[in-house]
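Here, residue 1 is the first one in the sequence, and each next residue gets the next number. Computed from heavy atoms alone, side chains included, the values below leave out hydrogens, waters and symmetry copies.
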Amino acid sequence: MRRPLFMACLCLVIVLTIGRILTGADTGDAGVLPPDGSPVRITGRIDTRTSETIILKSISIIQNDLKYSYSGKLQCELTNTQEVQSLRLGQHIVLEGFFSHFDAATNHGEFDVRAYSAGKGIGGRVRKAQVLAAEEDYSFLREKLFAFRRRLHDRLAKVFPEKEASVMQTLLLGEKEELDEEVKALYQRNGIAHILSISGLHITLLGMGCYRLLKRLGAPVRVAAAGGAMTLLLYGMMVGMSVSASRAIGMYLLQMLGIFVGRTYDMLTGVGLLAALLVLQQPERLGDVSFLMSFGAVLGICLLTPVFAGDGREDNAGVETASGVVAWLLTVTDILGDSAYERNKYREGWRKVVYERLWRMVSALKRGFAASAGVILFTLPIQLWFFYEIPVYSVLLNLLVLPFMSVVMAGGILSLIPGLGIAGTVDCLILWWYEWICERFGELPGAVWCVGRPAKWQMAVYYSGLFVLIIGRNYAEKWKRQRLYAAYVAENNHGDGHHAERERQRRETRGVDDSVRGRKRESNRKKMQHFDRYSEICPTRWRHVLVNFWYTWQGVMKYRNGVMYRIVAAMILVLIVGLLTGNFDRGSRVTFLDVGQGDGIVVETGQGAYLFDCGSTSRRKIGEYVLKPYLKSRGIQSLRGVFVSHPDEDHMNGILELLENGGEWGITVEQMFLPAITEAERREAFEKLLVAAEYAGVPVSYIKCGDEIRDSRLRLRCLHPEENTTLADANAYSECFYVEVFAKAVKWGAAEGMEASGEGGRAASEVYGENGSFAVGVTGERTGHGDTGERKNFGVGAGKLSILLTGDVEGEGEQQLTQELQTLKTLQEAKTLRVAQESQALQNAQKLQESQEPREQQELWESRRQGGFKVDILKVAHHGSGYSTSSEFLAAAGPAAAIISCGRNNSYGHPHAATLQRLEDAKVPWYLTTDYGALTVTVDSHGNRLQGYLRRK
């Protein structure tokens with residue numbers, strides 16, 4: 001693969017990518033933009049416009065009598081929407097409003113609007129904008145194309161039903177904002193959303209169609225090429241020149257340029273050159289999923305398709321979307337495809353036609369699978385990085401969908417012509433069939449495989465393995481050609497000294513096709529002899545298959561057709577895919593999600609995940625936009641327990657979304673726990689949750705003070721409320737938990753023996769024991785040991801983390817919780833004397849165990865035996881309200897650090913200054929989700945670490 005230009009472009013893109021990762025660059029000129037909420041005056045030219053917004057470029061910003069330029073684009077939201085219709089593309093305008101940055105992601109897996117807009121070149125937006133002045137000059141061509149696009153939009157809306165019209169508008173005009181949300185979600189979930197992008201199919205129908213039409217009309221080749229190029233440029237200007245459109249049109253223009261200068265077009269060099277040009281123009285595109293998927297698909301076709309095709313040829317046919325490869329199909333096609341054709345190609349009449357058609361169909365299917373494998377395998381890390389899951393059946397679904405896309409495109413173009421709207425009927429039928437088959441595939445078991453976001457080292461190893469496959473294929477093909485040539489020379493060399501030189505020259509000009517055909521004729525002759533020998537033994541029509549299978553097996557045994565290379569390639573593929581999809585981060589961790597004004601805590605252990613509250617009053621659809629992406633990015637498909645502290649919206653509306661849409665999201669809830677208030681209040685307070693849980697088939701349990709839940713790495717103890725509490729305030733009866741999370745599995749039978757028999761112990765009660773997954777009970781002893789802080793280890797707390805979750809508890813509820821904590825400390829002090837008396841015996845026992853157990857396990861057990869009741873992390877109640885977290889409570893809990901979850905600039909004034917002062921007086925460091933985003937505590941044998949999502953970025 002000698003392509004110096006492609007290698008230079010590839011190295012340039014890699015260097016820019018590494019530099020972007022190391023520097024953490026966002027937008028190139030983000031530093032010159034004003035802060036949020038600043039009144040600004042903007043001058044610039046209109047790049048694009050919709051019904052309510054305009055995009056400006058060539059911008060100058062005037063603020064505080066200072067004027068400076070900005071090289072990016074800005075999105076302006078006008079207060080007078082009718083005024084947008086009077087504006088023209090290319091027009092120079094002056095407007096004023098309030099500047100605002102796009103929202104950046106603050107949680108793992110959350111969609112980053114700021115990064116997405118930066119990939120489009122848009123650095124911010126101006127809200128409540130009003131146009132002050134506008135020049136009369138504008139871009140005549142662009143405005144006419146925009147008006148033509150609107151007419152085509154209206155025409156499609158008239159010809160097709162509403163849902164199908166939105167699909168055709170997206171497919172033909174690139175208007176993704178018009179796409180029906182249900183259809184978009186259905187296509188994305190099944191892995192066929194790529195069919196809606198403007199790509200090579202459009203180029204084939206428009207550019208190549210115009211080129212061939214002009215040639216048929218007698219135009220010279222260069223005139224036909226120029227006509228096709230002009231048609232595509234106008235089409236690209238009309239649809240907005242998205243990344244995929246720019247790439248497809250650019251590749252066509254390079255192909256036409258090759259015709260002009262008399263050079264052969266190379267697909268790989270073309271895509272490399274275009275990628276480098278687009279990245280140099282706008283480096284933020286390196287983080288744009290559209291850019292990565294579009295160019296990744298073409299690279300997969302160019303680099304990996306020959307690996308699976310097995311014919312040594314690179315396919316430049318432009319199959320830009322494919323779906324997978326089944327290894328055994330290659331052997332089947334060898335048996336039923338090429339061999340059957342060679343045996344029957346000399347027959348006359350209908351048999352010859354049938355065999356030729358069958359052979360071509362099987363060969364096309366073989367190449368389609370090879371192209372599918374190349375695309376999917378090359379873009380797999382990109383798919384997982386942005387979407388966290390793999391549509392398992394997209395392989396088969398794409399094979400059923402893609403053959404009809406040219407019909408859909410042709411029918412859509414014809415329906416735009418007045419009087420030919422009937423052509424859209426075929427498109428409607430096909431689109432209805434698409435929806436039906438997507439729904440059927442979505443109902444199959446295991447339709448979506450949630451892997452989670454891979455680490456960067458996993459992606460690097462994966463692409464290194466693909467590189468080994470590509471290089472290995474080149475060496476295998478080279479070795480195969482040398483072997484064939486050596487065999488040919490050995491068979492035809494009759495002593496002529498100049499024969500080798502003549503053969504070398506002939507091979508350079510004509511190749512070794514004659515030798516290959518001769519060897520095939522000899523192979524077919526032997527096969528027919530073998531067939532005649534066994535015709536009486538196997539006198540059925542299946543003898544053809546049996547005979548060919550026998551000779552194919554002989555070829556495998558003699559290492560023909562690169563079988564050994566295929567075996568090695570399959571082993572490498574299995575290895576690197578396993579490394580990419582493997583979850584190597586299954587340690588214990590606690591994440592306090594940034595949900596705005598609300599709460600959301602996810603506790604992960606090696607045995608499962610648990611959710612404590614999830615809701616918000618400042619962010620909409622918190623379940624869909626925050627909780628779901630986080631769980632998906634972590635590869636979590638099931639929650640073992642969901643705990644709702646009390647029925648306020650800012651603690652439960654995300655859980656309500658999860659119960660209502662969990663089946664569609666692919667996330668199941670095994671059990672839901674509500675506070676054990678009186679029976680009459682349960683139905684009234686949690687009515688929506690109970691109805692949703694019943695509809696979703698989620699069992700509901702009620703938890704009270706003293707109940708305990710544990711798995712091998714977690715122990716959870718409910719400290720509040722009491723059973724059938726009479727507290728009328730929902731905040732007062734909030735669930736409060738003392739949670740211990742361990743880095744390694746714990747054998748509770750041995751470790752809990754002393755505690756279960758301690759003073760104040762109570763008998764265990766099975767609250768959540770139907771499936772045997774949990775041991776639920778009540779004990780009087782509390783142990784905990786640890787310390788925490790940001791980005792550092794805490795020594796004595798290594799291997800264990802204790803957190804105190806308090807919901808919105810306040811008033812009388814906080815007083816009861818404080819008394820419970822003080823009781824636990826009293827019990828611990830009473831136990832101290834007994835521990836001191838038994839210390840010598842424990843030391844002797846430890847010495848005895850040193851020769852029998854690993855040192856790490858001994859230290860973990862020792863810290864558990866010696867630790868008292870301590871709180872490493874306190875989740876401050878009620879978002880830092882001044883009516884909670886009293887000094888008495890802090891003295892009883894004694895936390896090492898505190899985390900406050902609240903919304904930015906919330907109307908409640910959370911956290912209150914009085915609460916922060918009490919934390920300062922108690923010498924408790926506190927961390928806000930408004931400052932750090934999601935806060936994650938990782939539990940490790942060497943020390944616990946507290947990290948903020950925003951600071952880590």
Notebook entry, point to check: Side chain of Arg640, backbone of Gln671: donor and acceptor closer than 3.5 Å?
Noted result: no
Next item on the list: Taking all heavy atoms of Gly813 and all of Leu727, pick out the closest pair and write down the distance.
Entry: CA-CD1, 4.1 Å
Next item on the list: Provide the closest heavy-atom pair for Asp940 versus Ala743 in the form atom of the first, atom of the second, distance.
Entry: C-CB, 3.9 Å
Notebook entry, point to check: Around Asn724, counting heavy atoms of other residues, nucleotides and ligands shown, do more than 12 lie under 6.0 Å from its CG?
Noted result: yes
Next item on the list: State which residues pass side chain to side chain donor-acceptor pair (under 3.5 Å) with Asp613; sequence neighbours excluded, sorted by chain then number.
Entry: Ser645, His651
Margin query: Please check: side-chain N/O of Thr725 versus main-chain N/O of Ile677, any donor-acceptor pairing under 3.5 Å?
Written below: no
Next item on the list: Could I get the full list of ring-ring contact (aromatic ring centres under 6.0 Å, His included) partners for Phe612, not counting sequence neighbours?
Entry: Phe643, Phe737
Check: Side chains of Lys621 and Glu657: does their closest heavy-atom pair fall under 4.5 Å?
Finding: yes
Next item on the list: Taking the side chain as every heavy atom from C-beta outward, state whether Asp707 and Leu716 have any pair of such atoms under 4.5 Å apart.
Entry: no
Item checked: Side chain to side chain, Asp650 and Val595, heavy atoms closer than 4.5 Å -> no
Check: Can you name the one residue among Ser884, Ser886, Ser734 that meets side-chain hydrogen bond (donor to acceptor under 3.5 Å, both in side chains) with Glu814?
Finding: Ser886
Check: When you check the gap from the basic side-chain N to the acidic O, do Arg114 and Asp103 get nearer than 4.0 Å?
Finding: no
Check: Can you name the nearest heavy-atom pair linking Cys705 to Leu719, along with the distance?
Finding: SG-O, 3.4 Å
Item checked: Distance (rounded to the nearest 0.5 Å) between Thr938 OG1 and Leu801 CG -> 9.5 Å
Note to self: With a 6.0 Å cut-off (strictly less than), is the heavy-atom count around CD of Glu687, excluding the residue itself, greater than 12?
What the structure shows: no
Item checked: Residues that Lys628 engages under salt bridge (charged side-chain N to carboxylate O under 4.0 Å, His left out), provided they are two or more places apart -> none
Check: Any side-chain heavy atom of Tyr932 sitting closer than 4.5 Å to one from Thr106?
Finding: no
Notebook entry, point to check: Could you state the interatomic distance from CG (Leu804) to CG (Leu821), rounded to the nearest 0.5 Å?
Noted result: 6.0 Å
Item checked: Partner set under ring-ring contact (aromatic ring centres under 6.0 Å, His included) for Phe102, not counting sequence neighbours -> none
Notebook entry, point to check: Going by atom types only, do His879 and Asn906 share a side-chain donor-acceptor pair under 3.5 Å?
Noted result: no
Next item on the list: Please check if any side-chain donor atom of Glu670 sits under 3.5 Å from a side-chain acceptor atom of Ser638, or the reverse.
Entry: yes
Check: Hey, does the side chain of His912 reach the backbone of Gly882 with a donor-acceptor pair shorter than 3.5 angstrom?
Finding: yes
Check: Hey, are the side chains of Leu658 and Val669 touching, using non-hydrogen atoms and a 4.5 Å cut-off?
Finding: yes
Checklist line | Nearest heavy-atom neighbours spanning Ala105 and Leu950 | finding: O-CD2, 3.6 Å
Note to self: Just to verify, what does Phe98 make a ring-ring contact (aromatic ring centres under 6.0 Å, His included) with, not counting sequence neighbours?
What the structure shows: none
Notebook entry, point to check: Knowing that exactly one of Ile803, Val739, Val590 qualifies, which makes a side-chain contact (heavy atoms from CB on, under 4.5 Å) with Ile873?
Noted result: Ile803
Notebook entry, point to check: With distance as the sole test, does Ser802 use its side chain to make a donor-acceptor pair with the main-chain N or O of Lys870 at under 3.5 Å?
Noted result: yes
Item checked: Under the side chain to side chain donor-acceptor pair (under 3.5 Å) test, residues paired with Tyr630 that sit two or more places apart -> Thr591, Glu604
Check: Looking at SG of Cys736 and NE2 of His646, how far apart are the two atoms once the value is rounded to the nearest 0.5 Å?
Finding: 10.0 Å
Check: Could you give the distance from CZ (Arg715) to CD (Glu708), rounded to the nearest 0.5 Å?
Finding: 5.5 Å
Note to self: For the backbone of Gly596 and the side chain of Ser616, can you confirm whether one donor and one acceptor N or O come within less than 3.5 Å of each other?
What the structure shows: no
Item checked: Heavy-atom pair of closest approach, residues Thr929 and Phe592 -> CG2-O, 4.3 Å
Margin query: Between Asp599 and Lys875 (salt bridge meaning N to carboxylate O under 4.0 Å), is one present in this structure?
Written below: yes
Note to self: Suppose we screen for ring-ring contact (aromatic ring centres under 6.0 Å, His included). Which residues come up paired with Tyr908, at least two apart in sequence or across chains?
What the structure shows: His910
Next item on the list: Give a yes or no answer on whether the side chain of Thr915 reaches the backbone of Gly880 with a donor-acceptor pair at less than 3.5 Å.
Entry: yes
Next item on the list: Evaluate the criterion side-chain contact (heavy atoms from CB on, under 4.5 Å) for residue pair Ile709 and Ile703; output intermediate values, then yes/no.
Entry: CA-CA 10 Å; Ile709 296 175; Ile703 195 166; 4.2 Å; yes
Margin query: Can a donor-acceptor pair be found, under 3.5 Å and without considering hydrogens, that links the side chain of Glu740 to the backbone of Leu714?
Written below: no
Notebook entry, point to check: Does a donor on one side chain sit under 3.5 Å from an acceptor on the other, for Ser712 and Gln607?
Noted result: yes
Margin query: Which residue in the set Tyr625, Tyr388, Tyr116 passes ring-ring contact (aromatic ring centres under 6.0 Å, His included) when paired with Phe111?
Written below: Tyr116
Checklist line | CD on Gln815 to NE2 on His720, rounded to 0.5 Å | finding: 10.5 Å
Next item on the list: To the nearest 0.5 angstrom, please state how far the CE atom of Met672 sits from the CG atom of Leu611.
Entry: 11.0 Å
Item checked: Residues in side chain to side chain donor-acceptor pair (under 3.5 Å) contact with Thr885, at least two apart in sequence or another chain -> none
Note to self: Could you tell me if the side chain of Gln816 sits less than 4.5 Å from the side chain of Pro721, heavy atoms only?
What the structure shows: no
Check: Where is the tightest heavy-atom contact between Ala609 and Ile636, given as atom of each residue plus distance?
Finding: CB-CD1, 3.9 Å
Margin query: Within the 3.5 Å criterion, strictly below it, is a donor on Asp711 or Thr605 matched to an acceptor on the partner's side chain?
Written below: yes
Next item on the list: Kindly say whether Val809 contributes a backbone atom to a donor-acceptor pair with the side chain of Thr806 at under 3.5 angstrom?
Entry: no
Item checked: Short side-chain to backbone donor-acceptor contact, Tyr927 and Gly948, under 3.5 Å -> no
Note to self: Can you list everything that forms a salt bridge (charged side-chain N to carboxylate O under 4.0 Å, His left out) with Glu684? Sequence neighbours excluded, please.
What the structure shows: none
Note to self: Assess, by modelled atom type and distance only, whether the side chains of His108 and Ser633 contain a donor and an acceptor separated by less than 3.5 Å.
What the structure shows: no
Item checked: Donor-acceptor contact present, side-chain Asp931 to main-chain Leu928, <3.5 Å -> no
Check: Given side chains that start at C-beta, do those of Leu627 and Ile655 come closer than 4.5 Å, heavy atoms only?
Finding: no
Checklist line | side chain to side chain donor-acceptor pair (under 3.5 Å) partners for Glu810, two or more places apart | finding: Asn731, His878
Next item on the list: Kindly state each residue pair satisfying salt bridge (Lys or Arg N to Asp or Glu O under 4.0 Å) with at least one member in residues 902-927, sequence neighbours excluded.
Entry: Asp594-Arg904
Item checked: Partner set under salt bridge (charged side-chain N to carboxylate O under 4.0 Å, His left out) for Glu110, not counting sequence neighbours -> Arg619
